[in-house]
2 protein chains.
Amino acid sequence: MEPGSPDHEWREDCAPRRVLEIFSSKWTSMILHVLQSRLGGTARTGVLLRSLPGISKKMLTQTLRDMEASGLVSRHVHGTVPPAVDYSLTPLGRRFVEPIELLYGWARDNADALDALAVRPKG
Amino acid sequence: MEPGSPDHEWREDCAPRRVLEIFSSKWTSMILHVLQSRLGGTARTGVLLRSLPGISKKMLTQTLRDMEASGLVSRHVHGTVPPAVDYSLTPLGRRFVEPIELLYGWARDNADALDALAVRPKG
DNA sequence: CTGAATCCGTTTTGATACTG
DNA sequence: CAGTATCAAAACGGATTCAG
């Protein structure tokens with residue numbers, strides 16, 4: 001066989017690679033998941049913060065800003081004291097919940113394979 | 001309702017987060033995919049390089065080293081001239097191909113949602 | 001051909017303290 | 001409570017050089 005031809009021409013802007021970009025942002029998919037688990041797909045900042053052990057306030061805000069710019073969530077500010085802000089899934093955001101739940105579902109069903117992974121989470 | 005309890009206690013070492021680590025490495029899942037598409041789950045360095053437009057030799061080698069340490073691939077050196085090295089999926093690696101194909105399949109079926117994403121790939 | 005080892009700059013992530 | 005500023009560390013990634 002002539003192995004010369006790169007048949008797996010994965011263009012840099014192909015669909016799978018675009019999806020990967022969502023998962024390559026450390027917190028984006030987890031935020032979408034938490035929002036999805038809430039009635040109305042909405043949660044306040046503090047809820048998100050407490051639902052994601054390990055995230056810092058800065059990364060949460062930063063990631064939410066990026067997600068808003070991408071059209072995945074919408075931001076709602078209530079003019080109250082003390083301040084209250086909540087974030088909701090947009091219709092686009094709701095679509096991306098699907099592959100995320102698919103992936104997380106596989107993970108829960110295959111925890112044993114993950115235990116076999118020789119690499120521990122960072123530490 | 002008392003909203004005080006963080007019911008979505010996502011421990012930092014839970015299964016979904018462990019899977020995310022694979023996808024948060026830019027090339028890991030793509031390498032697994034290319035290997036899976038080959039008979040025997042094996043490919044030589046040059047094939048991988050040509051199959052993944054945009055990857056550099058350095059990142060390929062580095063990622064493959066990490067994957068070997070994680071137990072996802074095995075490295076085989078042929079004592080020939082010129083040198084020949086190929087990489088194969090381990091049984092563990094084959095398991096992780098499943099969620100990857102799941103995700104890529106969703107991406108291919110939902111390219112329209114990806115087009116709607118306001119954020120373009122980097123450039 | 002494979003791939004290790006530099007140097008270097010960019011991007012991402014994160015801890016901490018601070019403002020309204 | 002929500003968000004910002006600052007500083008630091010880590011990951012990422014290209015270019016180059018060297019070796020088997």
Side-chain angles (χ1 to χ4, degrees), chain A residues 2-4 6 12 17 20-31 34-35 42-70 73-88 119-123, chain B residues 2-4 6 10 12 17 20-31 35 42-70 73-88 119-123:
Chain A
E2 287 298 303
E12 312 207 19
R17 285 205 188 188
L20 282 181
E21 283 163 39
I22 288 184
F23 290 94
S24 67
S25 169
K26 181 169 177 179
W27 299 106
T28 297
S29 70
M30 285 187 258
I31 291 174
V34 172
L35 286 176
T42 300
R44 289 185 54 177
T45 309
V47 170
L48 293 169
L49 208 51
R50 287 186 297 274
S51 298
L52 298 172
I55 198 174
S56 69
K57 203 182 295 188
K58 178 192 166 183
M59 284 312 298
L60 177 59
T61 303
Q62 184 176 306
T63 307
L64 283 168
R65 285 274 188 280
D66 292 343
M67 292 170 71
E68 193 187 7
S70 301
V73 300
S74 55
R75 183 167 175 269
H76 310 280
V77 182
H78 306 253
T80 58
V81 177
V85 179
D86 56 40
Y87 295 86
S88 301
V119 171
R120 313 261 102 233
K122 308 295 162 169
Chain B
E2 287 300 300
W10 274 45
E12 311 207 19
R17 284 206 189 186
L20 282 181
E21 283 163 38
I22 288 182
F23 290 94
S24 66
S25 167
K26 181 167 177 179
W27 299 107
T28 297
S29 70
M30 285 188 259
I31 291 175
L35 286 176
T42 301
R44 291 187 52 177
T45 309
V47 170
L48 293 169
L49 210 50
R50 286 186 297 275
S51 298
L52 298 171
I55 198 173
S56 68
K57 200 185 297 188
K58 177 192 168 182
M59 285 313 298
L60 177 59
T61 303
Q62 184 176 306
T63 307
L64 284 167
R65 283 277 186 271
D66 293 343
M67 293 170 69
E68 192 187 9
S70 301
V73 300
S74 55
R75 184 167 174 270
H76 310 279
V77 182
H78 306 254
T80 59
V81 177
V85 179
D86 57 38
Y87 295 87
S88 301
V119 171
R120 311 263 104 229
K122 308 294 165 170

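Quick note on labels: first sequence line is chain A, next is B, and so on, each numbered from 1.
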Run the side chain to side chain contact (heavy atoms under 4.5 Å, CB included) test against Val77(A) and tell me which residues pass, sequence neighbours left out.
Arg75(A), Val85(A)
Is there a side-chain contact between Leu52(A) and Val34(A) in this structure, where contact means two heavy atoms from C-beta onward sitting under 4.5 Å apart?
yes
Within less than 4.0 Å of OP1 or OP2 of dA2(D), is there a side-chain N or O belonging to Tyr87(A)?
no
Can you name the side-chain hydrogen bond (donor to acceptor under 3.5 Å, both in side chains) partners of Thr28(B), sequence neighbours left out?
Ser25(B)
Nucleic acid footprint by protein, nucleotides 14-20 of chain C - heavy-atom cut-off 4.0 Å, B for base, S for sugar-phosphate alone
BB----B
Expressed as a whole number of angstroms, how long is the span from Asp66(A):CG to dT11(C):C1'?
12 Å
Rounded interatomic separation in angstrom, taking NE2 from His76(A) and C1' from dC1(D):
18 Å
It should be established whether Thr61(B) places a side-chain nitrogen or oxygen under 4.0 Å from OP1 or OP2 of nucleotide dT2(C).
no
Does a side-chain N or O from Arg75(A) land closer than 4.0 Å to OP1 or OP2 of dG3(D), or not?
yes
With sequence neighbours left out, what residues match Thr63(A) under side-chain hydrogen bond (donor to acceptor under 3.5 Å, both in side chains)?
none
Shortest non-hydrogen separation from Val73(B) to Leu64(B) and the atoms involved:
CG2-O, 4.0 Å
Residue Arg44(A), side-chain atoms from C-beta onward, closest of dG3(C), dC1(D), dC1(C):
dC1(D)
Should Thr45(B) be listed as having a side-chain N or O under 4.0 Å from OP1 or OP2 of dG3(C)?
yes
Among residues at least two apart in sequence or on other chains, which ones pass side-chain hydrogen bond (donor to acceptor under 3.5 Å, both in side chains) with Arg65(A)?
none
note: Leu60(B), atom CG; dC12(D), atom C1'; distance rounded to Å ~ 15 Å
Rounded to whole angstroms, how far apart are CG on Asp86(B) and C1' on dC1(C)?
13 Å
Rounding to a whole Å, what distance do you find between Glu21(A):CD and dT12(C):P?
11 Å
Whole-Å distance separating the CG atom of Leu52(B) from the C1' atom of dG14(D):
17 Å
Between CG of Leu64(A) and P of dT12(C) the distance, given in whole Å, is 16 Å
Report the distance from atom CZ of Arg50(A) to atom C1' of dA2(D), rounded to the nearest whole Å.
12 Å
Would you be so kind as to tabulate the donor-acceptor pairs closer than 3.5 Å made by side chains of residues 55-62 of chain A, with sequence neighbours excluded?
residue: Ser56(A); atom: OG; partner: Met59(A); partner atom: N; Å: 3.2
residue: Thr61(A); atom: OG1; partner: Lys57(A); partner atom: O; Å: 3.1

